[in-house]
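Note sheet for the following structure.
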Amino acid sequence: MAPAEAPSAATPDAAQSGAGNVLVMPPPWRVALLVTALICAVVVIRNIFTSAHQVIGWAVAASVIALLLTPVVQGMDRIMPRALAIILTFVMVIALAVGLTWLYTSNVLDQVAQIQESAPTIAEEIEDRSDRIGEIAREIGLADQASELADRLDERTGSGGDAIRSAALSAPPYFVSMILTIFLLLFGPQMINGALDQLSPARRDRYRPAL
C-alpha cells in the first residue's frame, strides 16, 4: 500500500485569500461623521413629528373612520351611486354624534342642577343636627362650602349654549378629518390598486387581502 501523502503547505493564493477576510475598521473620522449624521436625522425626525403630530393624528383618525365606514358605504353602494352613499352615511353619522352629544350634555346639566339645588339644603340639615356630626358640620361650615361648590359647578359646566359654542369652536378639526375621510372613501381603492401595481405579482397577491 502506498504511503499517505503529507498535507501540502498553503499556497500563496490561499494565504492572500485568508488575509482578505480580515475586518478593516473605517477611519475614526468616518465613524464620527456617521454618528453625527444619525443624531441629526433623529433630531430632525423628532422635530417634524412634534410639529406635525396634530396633522398626523387627523390622518390616522380619518383612516380608521374610513375603514369602519367602508362596509356601510359598500352596502349602500349596491343600490345608489357611491358619492350619494358616502353623503348619506356621513349625514347619519353626524346626526348620531349630535344626538349623543346633546343627550350627554343635557343629562350632565340636569344632574348639576339637581346637585346645586339639593346640596345646600342637605348641608343645612346636617348642621341642624344636635349630635357630634352636626357640631363638626357647623365647625367646618358645611353649608357655606356646599353653596361654594354649587357656584363652582355652575361656572365649570356653564349652560347648553356654552356647550354648543364650545362644540362649534372645535368643529374645524372634525371638518378637516371628515374631508380626508371622504377622500379616502372615494379614492382609497384606487390608491391601493395603484400601489399594488408597483409590486411583483407574488407580493401583490400576498398584500392585496390585507390592504
Side-chain angles (χ1 to χ4, degrees), residues 46-126 142-195 207-211:
R46 182 253 183 194
N47 292 337
I48 292 175
F49 182 81
T50 301
S51 302
H53 70 279
Q54 188 174 15
V55 178
I56 295 174
W58 292 348
V60 172
S63 302
V64 173
I65 295 173
L67 180 63
L68 295 176
L69 295 181
T70 295
V72 180
V73 174
Q74 289 179 347
M76 299 178 64
D77 192 17
R78 300 175 183 176
I79 57 177
M80 63 182 68
R82 187 176 183 84
L84 181 59
I86 293 175
I87 293 174
L88 291 179
T89 301
F90 269 92
V91 168
M92 291 187 296
V93 170
I94 293 174
L96 180 62
V98 171
L100 292 176
T101 302
W102 178 83
L103 181 62
Y104 171 78
T105 303
S106 61
N107 189 17
V108 170
L109 292 178
D110 291 341
Q111 293 182 3
V112 170
Q114 184 177 0
I115 292 175
Q116 291 174 342
E117 293 177 359
S118 59
T121 304
I122 295 175
E124 291 176 357
E125 292 177 356
I126 295 175
L142 184 60
D144 296 336
Q145 292 187 10
S147 300
E148 184 179 355
L149 175 61
D151 295 337
R152 289 183 179 180
L153 287 175
D154 193 15
E155 294 176 358
R156 294 293 181 88
T157 57
S159 59
D162 295 333
I164 295 175
R165 190 179 304 108
S166 177
L169 293 176
S170 61
Y174 292 102
F175 180 76
V176 173
S177 300
M178 183 182 69
I179 296 299
L180 183 56
T181 304
I182 293 175
F183 175 81
L184 292 175
L185 288 173
L186 285 173
F187 302 104
Q190 290 85 342
M191 294 170 61
I192 293 176
N193 292 330
Y207 297 142
R208 184 182 300 276
L211 294 178

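Everything numeric in this text was worked out from a predicted model, so none of it was measured. No hydrogens, no waters, no symmetry mates; every other heavy atom, side chains included, goes into these values.
Considering all non-hydrogen atoms of both residues, P71 and L67 come closest at CD-O, 3.5 Å. Taking every heavy atom of both residues into account, W58 and L180 meet most closely at O-CD2, 4.2 Å. Taking every heavy atom of both residues into account, S177 and A62 meet most closely at O-CB, 3.7 Å. The two residues M76 and A85 have their closest heavy-atom pair at CB-CB, 3.8 Å.
In this structure, the side chains of R208 and N193 come closer than 4.5 Å at one or more pairs of heavy atoms. At least one side-chain heavy atom of Q111 sits under 4.5 Å from a side-chain heavy atom of N107. Proximity of M178 to V93: side-chain heavy atoms (C-beta onward) are nowhere separated by under 4.5 Å.
Atom OG1 in T89 sits 13.0 Å away from atom CD1 in I65 (nearest 0.5 Å). Atom CD1 in I87 sits 11.5 Å away from atom CG in L185 (nearest 0.5 Å).
In the displayed structure, M191 atom CE is contacted under 6.0 Å by at most 12 heavy atoms of other residues, nucleotides or ligands.
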